[in-house]
There are 2 protein chains.
Amino acid sequence: MERGHTDVTALAEGPEDCAAVKPVLARIGDKWVVLVVRLLGRRGPRRFNELRREIGAISQRMLTLTLRGLERDGLVTRTVHPTVPPRVDYELTDLGRSLMGPIEALGNWAFAHKDEMDAARARFDRLHGKAAPPPSARPTAKAAGSALKG
Amino acid sequence: MERGHTDVTALAEGPEDCAAVKPVLARIGDKWVVLVVRLLGRRGPRRFNELRREIGAISQRMLTLTLRGLERDGLVTRTVHPTVPPRVDYELTDLGRSLMGPIEALGNWAFAHKDEMDAARARFDRLHGKAAPPPSARPTAKAAGSALKG
DNA sequence: CAGAATCCAAATTGATACTG
DNA sequence: CAGTATCAATTTGGATTCTG
């Protein structure tokens, strides 16, 4: 049953099922999870600071939190080598590896369509007069006052 | 080039590419986006409150924000019918439809492995004495006081 | 090196009220 | 019906400090 990511074409759609997969999707949806899983999947086991360096923009706290979450969900194993200085290796579990298929699909899609999305965003922003509201874009009090920052 | 979700097996892995796809993944990673795209993809165009009802747990504001984001990224179209009361239909664009493959793959994976993840979580929590630290789990002042709730 | 703890800034979200 | 505006509460994330 290791045929990649189970191509079950018929997926339930009831609200109960939505609720069931929601926490799973929440974890996968985590920005860092995708990067960490890809890294561990493609380049094998990694130490804490190796991951940190290779990911680049992540803070220590977020990496710790991300790895802990992945470990909790059974997607990675954490192996502590009782040496000094300490050495900790993180590696994908079978479950974690089974996630690579869907993750790659998503990554490939993102890579293949980022230009279209960029163009769409530019067009939308132009039509709406907005500059570039990052994610949600709502006036946050500080935004009003910071207008004169330049 | 409409062969589903481009099965490009070789995906770049440099940090620059990571940066490029990050915003894309961020949008896809959004909990609601997956649900909305699936709904629009499987059941066709939908009105605002139809989506609201069918999703269930979403607030009006979040649905508005989610749809706006999807529209901005060129994944859905928003059609206003100048009737009274107003009627607005949301529908996937071609780009949006092309996302369905990866989304389904992810949804299927989540559905297929939620039990394993649940089990893993339970085991982890048991070993760590923690009750059930939802996502990140950090002491938030209020959490300290609620420890004696059991 | 790997991580825990603390502090604090900023983003996210829900509830509510108002509008065309 | 389909939003927008505003406010309050929660969450999230980064920076810093400390430890084994």
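The structure displayed is predicted, hence computed values, not measured ones.
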Give a yes/no answer on whether the side chain of [X] brings an N or O atom under 4.0 Å of OP1 or OP2 in [N].
X	N	result
A/R61	C/dT6	no
A/Y90	C/dG3	yes
B/R78	D/dG3	yes
B/R47	D/dA2	yes

Between [N] ([atom2]) and [X] ([atom1]): distance, integer Å:
X	N	atom1	atom2	answer
A/E71	C/dA2	CD	C1'	13 Å
B/L65	C/dT12	CG	P	9 Å
B/M62	C/dA11	CE	C1'	11 Å
A/I58	C/dA2	CD1	C1'	14 Å
A/L63	D/dA15	CG	P	14 Å
A/N49	C/dA2	CG	P	4 Å
A/F48	D/dT19	CZ	C1'	15 Å
A/R27	D/dT11	CZ	P	15 Å

Counting N and O atoms only, with roles assigned by atom type, does the side chain of [X] sit under 3.5 Å from a partner on the main chain of [Y], one being a donor and the other an acceptor?
X	Y	result
A/E50	A/R47	yes
B/T66	B/W32	no
A/R97	A/L92	yes

Which atom names give the shortest non-hydrogen contact between A/M100 and A/R42, and what distance separates them?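 Closest pair (atom of A/M100, atom of A/R42, distance): CE-N, 4.3 Å.
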Looking across every strand, which nucleic acid part, if any, lies under 4.0 Å from A/R68 by heavy atom: base, sugar-phosphate, or nothing?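 Sugar-phosphate, backbone atoms only, no base.
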Taking the six-membered ring for Trp, are B/F124 and B/H128 parallel (under 30°), tilted (30 to 60°) or perpendicular (over 60°)?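 Judged by the thresholds at 30° and 60°, the geometry between B/F124 and B/H128 is parallel.
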Taking atom types as they are modelled, is there a donor-acceptor pair under 3.5 Å from the base of C/dA4 to the side chain of A/Q60?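 When only heavy-atom distances are counted, A/Q60 does reach the base of C/dA4 through a donor-acceptor pair under 3.5 Å.
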Quick check on DNA chain D: between A/P85 and A/D30, whose nearest nucleotide comes earlier from the 5' end?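 Its nucleotide being nearer the 5' end, the pick is A/D30.
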